A.B. asks: 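Just dropping this structure here.
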Amino acid sequence: MKRLMTGAAALALMAGAAQAGDLTLQLKWVTQAQFAGYYVALEQGFYEEEGVNLTILPGGPDIAPTQVLAGGGADVIVEWMPAALAAREKGLPLVNIAQPFKASGMMLTCLAETGITDPASDFAGKTLGVWFAGNEYPFLSWMNTLGLSTEGGEEGVTVLKQGFNVDPLLQKQAACISTMTYNEYWQVIDAGLTEDDLITFKYEDQGVATLEDGLYVLEGTLEDPEKVTDLVGFVRASMRGWQYAAENPEEAAEIVMENDETGAQTIEHQTRMMTEIAKLLEGSDGTLIEADYQRTVDILLAGGSDPVIEAAPEGAWVSTITDRAFD
């Protein structure tokens, strides 16, 4: 039942809006449906209702969210947990405050003509396209799990440093490339290949999936009570935005398009992306589940002589923000 707002409550809300807490969010990549929840929440006024004045900064190939955060250019970043934990071990005190994405969208997409049917037996001797800038960590952990060297040779794999495109597969420079279920895979399809031309290996299916697109701040931010209050409102509004986007993918795609200053996106691709993103959100209210966190840590530690992280992190996540946001 909708409750009518009293005059006093309305005045309080107006006062809160007038003193809105400023927050800046740095995205992991360019404006696209991968971040639709934040743009939708902004468009729908959800942040304003929480007294948060949010600025969204798009990312790109030359933007490292962790560096932006370390330099004071943002209050919150969207980052994959492997990159965040690796940065934390190197001295940057990153803390996960919320985890909108429950599942991983990462996979390797291979040409069926290569004859690859099983990673354990068929990757050896092949060239695989891999994203870097922090995105390589899940792949490296997977190869370590398979016992495959990434230094090449018949008993290992040759790593092709992949740009953020699908050209290496289309030009047959690699047997497989890194793709996301919601983005690059469909770029391959749009380029003219069919699903029968491809074979995919999802990290989730291979048991090596790590958490993606979490929300991170610096430890010092959590020592500021006013910032904490702003973060509670930010997370609550963001998850409202994600729920709305998942339920209204076409409208969410249109909102993303309105915020894309590059003009490079299409409504068809963004709508399809949002539909796929919704699958990764299923089962999440934004709260980080400890078992999911531990799975990611265990995978990253299982690197033999060259693990992504060398010790189990301490203090790398908190539930205080989501506890307050969803109590």
Side-chain angles (χ1 to χ4, degrees), residues 22-48 53-69 71 73-80 100-101 105-107 109 129 131-135 161-171 177-193 212-213 215 234 237-238 240-242 244-281:
D22 293 331
L23 286 178
T24 299
L25 172 67
Q26 173 65 62
L27 303 181
K28 182 173 175 59
W29 192 238
V30 298
T31 300
Q32 59 182 20
Q34 179 182 359
F35 313 107
Y38 309 110
Y39 287 112
V40 167
L42 189 63
E43 175 71 20
Q44 295 294 326
F46 297 160
Y47 294 121
E48 185 178 3
N53 179 31
L54 185 71
T55 299
I56 301 176
L57 302 178
D62 300 320
I63 298 174
T66 53
Q67 294 180 8
V68 174
L69 189 66
D75 301 291
V76 190
I77 61 172
V78 177
E79 185 56 279
W80 287 3
F101 280 35
M106 197 171 185
M107 60 184 182
T109 294
W131 294 316
F132 279 74
N135 301 324
K161 190 173 183 179
Q162 181 183 332
F164 292 94
N165 56 58
V166 299
D167 293 346
L169 195 72
L170 300 178
Q171 298 170 6
I177 62 170
S178 297
T179 61
M180 303 302 289
T181 57
Y182 51 81
N183 194 359
E184 291 79 13
Y185 174 80
W186 298 102
Q187 292 179 24
V188 174
I189 297 295
D190 290 343
L193 295 180
E212 299 165 359
D213 287 48
L215 295 170
F234 161 73
S238 295
R240 285 181 65 194
W242 276 121
Y244 189 99
E247 294 172 352
N248 303 276
E250 293 183 2
E251 183 180 349
E254 291 174 356
I255 292 173
V256 168
M257 293 290 294
E258 291 170 1
N259 285 276
D260 172 34
E261 297 181 354
T262 69
Q265 309 290 5
T266 67
I267 189 64
E268 293 80 12
H269 184 56
Q270 292 307 304
T271 301
R272 184 170 57 190
M273 184 184 294
M274 185 59 240
T275 300
E276 292 295 324
I277 288 289
K279 299 174 184 177
L280 307 182
L281 300 167

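Because the structure is a prediction, the values reported are computed rather than measured. Computation of the quantities below employed the complete heavy-atom set of this structure, encompassing side-chain atoms and omitting hydrogens, waters and symmetry-equivalent molecules.
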A.B. asks: Side-chain donor-acceptor pairs under 3.5 Å in residues 60-69, sequence neighbours left out?
C.D. replies:
none

A.B. asks: So, T24 side chain and T55 main chain: donor-acceptor pair closer than 3.5 Å or not?
C.D. replies: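 Side chain of T24 to backbone of T55: no pair is present.
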A.B. asks: Heavy atoms only: give me the nearest Q26-P58 pair and the separation to one decimal.
C.D. replies: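 Smallest interatomic distance, heavy atoms only, reads NE2-O, 3.2 Å.
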A.B. asks: Do the non-hydrogen side-chain atoms of M180 and W131 ever get within less than 4.5 Å of each other?
C.D. replies: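 SC-SC contact between M180 and W131 confirmed.
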A.B. asks: Would you say the side chains of H269 and N183 form a donor-acceptor pair under 3.5 Å?
C.D. replies: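 Distance-only check passes for H269 and N183.
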A.B. asks: What closest approach, in Å, do A33 and M274 show between heavy atoms, and which atom pair accounts for it?
C.D. replies: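 Shortest heavy-atom separation between A33 and M274 comes out as CB-N, 3.8 Å.
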A.B. asks: Considering only heavy atoms from C-beta outward, does the side chain of L27 approach that of Y39 to under 4.5 Å?
C.D. replies: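 A side-chain contact under 4.5 Å exists here.
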A.B. asks: Side chains of V30 and Q265, heavy atoms from C-beta outward: is any pair under 4.5 Å?
C.D. replies: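 The answer is yes, as the side chains (C-beta and beyond) meet within the 4.5 Å cut-off.
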A.B. asks: Check ring pair (Phe, Tyr, Trp, His ring centres under 6.0 Å) between F35 and all other residues, then give those that pass, not counting sequence neighbours.
C.D. replies: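 By the ring pair (Phe, Tyr, Trp, His ring centres under 6.0 Å) rule, F35 matches no residue at all.
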A.B. asks: Assess whether atom CD of E261 is packed by more than 12 heavy atoms of other residues, nucleotides or ligands within 6.0 Å.
C.D. replies: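 Not buried by this count: 12 neighbours or fewer within 6.0 Å.
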A.B. asks: Output, in order, the C-alpha distance, side-chain angles, deciding distance and verdict of side-chain contact (heavy atoms from CB on, under 4.5 Å) for L215 and V78.
C.D. replies: CA-CA 5 Å; L215 295 170; V78 177; 3.9 Å; yes
A.B. asks: Give me the atom names and distance for the closest heavy-atom approach of V256 to T31.
C.D. replies: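 Result for this residue pair: O-CG2, 3.8 Å.
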A.B. asks: Taking all non-hydrogen atoms of both residues, which atom of V40 and which atom of G241 are closest, and how far apart?
C.D. replies: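 Result for this residue pair: CG1-O, 3.7 Å.
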A.B. asks: Holding to side-chain contact (heavy atoms from CB on, under 4.5 Å), I want the full list of residues that pass it with N165, two or more places apart in sequence or in another chain.
C.D. replies: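 N165 satisfies side-chain contact (heavy atoms from CB on, under 4.5 Å) with D167, P168 only.
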A.B. asks: Quick check on E258: does its CD atom have over 12 non-hydrogen neighbours (other residues, nucleotides or ligands) under 6.0 Å away?
C.D. replies: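 It does: E258 CD has more than 12 such atoms within range.
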A.B. asks: When rounded to the nearest 0.5 angstrom, what distance separates CD in E184 from OG1 in T181?
C.D. replies: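 Answer rounded to 0.5 Å: 9.5 Å.
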A.B. asks: Any chance the side chains of Y244 and E251 put a donor and an acceptor closer than 3.5 Å?
C.D. replies: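 Yes, because at least one side-chain N or O of Y244 sits under 3.5 Å from a partner of the opposite role on E251.
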A.B. asks: Quick check for you: to the nearest 0.5 Å, what is the distance between L193 atom CG and Q187 atom CD?
C.D. replies: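 L193 CG to Q187 CD: 12.5 Å, rounded to 0.5 Å.
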A.B. asks: Is there a side-chain contact between L25 and L57 in this structure, where contact means two heavy atoms from C-beta onward sitting under 4.5 Å apart?
C.D. replies: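 Answer no - side chains too far apart.
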A.B. asks: I'd like to know if the side chain of S238 pairs up with that of Y47 as donor and acceptor (distance under 3.5 Å, no hydrogens or angles considered).
C.D. replies: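 Yes, Y47 and S238 have a side-chain donor paired with an acceptor closer than 3.5 Å.
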A.B. asks: Quick check: W242 with F46 (ring centres under 6.0 Å apart)?
C.D. replies: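 No - the distance between ring centres of F46 and W242 does not fall below the 6.0 Å cut-off.
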A.B. asks: With rounding to the nearest 0.5 Å, note down the distance linking CG in N259 to CD in Q32.
C.D. replies: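 The distance works out to 13.0 Å.
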A.B. asks: Any non-hydrogen side-chain atom of V166 less than 4.5 Å from a side-chain atom of Y185?
C.D. replies: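 Side-chain contact under 4.5 Å: no.
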A.B. asks: Do I267 and E254 have side-chain heavy atoms sitting under 4.5 Å apart?
C.D. replies: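 Side chain of I267 against side chain of E254, heavy atoms only: contact under 4.5 Å found.
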A.B. asks: Partners of D213 by salt bridge (Lys or Arg N to Asp or Glu O under 4.0 Å), sequence neighbours excluded?
C.D. replies: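 Not a single residue meets the salt bridge (Lys or Arg N to Asp or Glu O under 4.0 Å) criterion with D213.
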A.B. asks: Going by side chain to side chain donor-acceptor pair (under 3.5 Å), name the residues that satisfy it together with T109, two or more places apart in sequence or in a different chain.
C.D. replies: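 T109: side chain to side chain donor-acceptor pair (under 3.5 Å) contacts with T179.
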A.B. asks: Looking only at heavy atoms, what is the nearest atom pair of L281 and P100, with distance?
C.D. replies: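 Answer, listing the atom of L281 first, then P100: CD2-O, 3.5 Å.
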A.B. asks: Working to the nearest 0.5 angstrom, can you tell me the gap between L23 CG and N53 CG?
C.D. replies: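 So the CG of L23 and the CG of N53 are separated by 8.5 Å.
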A.B. asks: Quick one: sort the F234 and Y38 rings into parallel, tilted or perpendicular, breaks at 30° and 60°.
C.D. replies: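 Because their plane-to-plane angle is under 30°, the rings of F234 and Y38 count as parallel.
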A.B. asks: Kindly compute the distance separating CD (Q34) from CG (L280), expressed to the nearest 0.5 Å.
C.D. replies: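 The CD atom of Q34 sits 9.5 Å away from the CG atom of L280.
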A.B. asks: For A252 versus A36, what's the shortest heavy-atom pair and its separation?
C.D. replies: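 Taking A252 first and A36 second, the nearest heavy atoms are CB-CB, 4.4 Å.
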A.B. asks: Suppose we screen for salt bridge (Lys or Arg N to Asp or Glu O under 4.0 Å). Which residues come up paired with K279, at least two apart in sequence or across chains?
C.D. replies: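 For K279 the salt bridge (Lys or Arg N to Asp or Glu O under 4.0 Å) partners, ignoring immediate neighbours, are E276.
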A.B. asks: Okay, side chain of Q270, backbone of T266: is any donor-acceptor separation there less than 3.5 Å?
C.D. replies: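 Such a contact is absent between Q270 side chain and T266 backbone.
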A.B. asks: Working to the nearest 0.5 angstrom, can you tell me the gap between E79 CD and N135 CG?
C.D. replies: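 Reported to 0.5 Å precision, the distance equals 7.5 Å.
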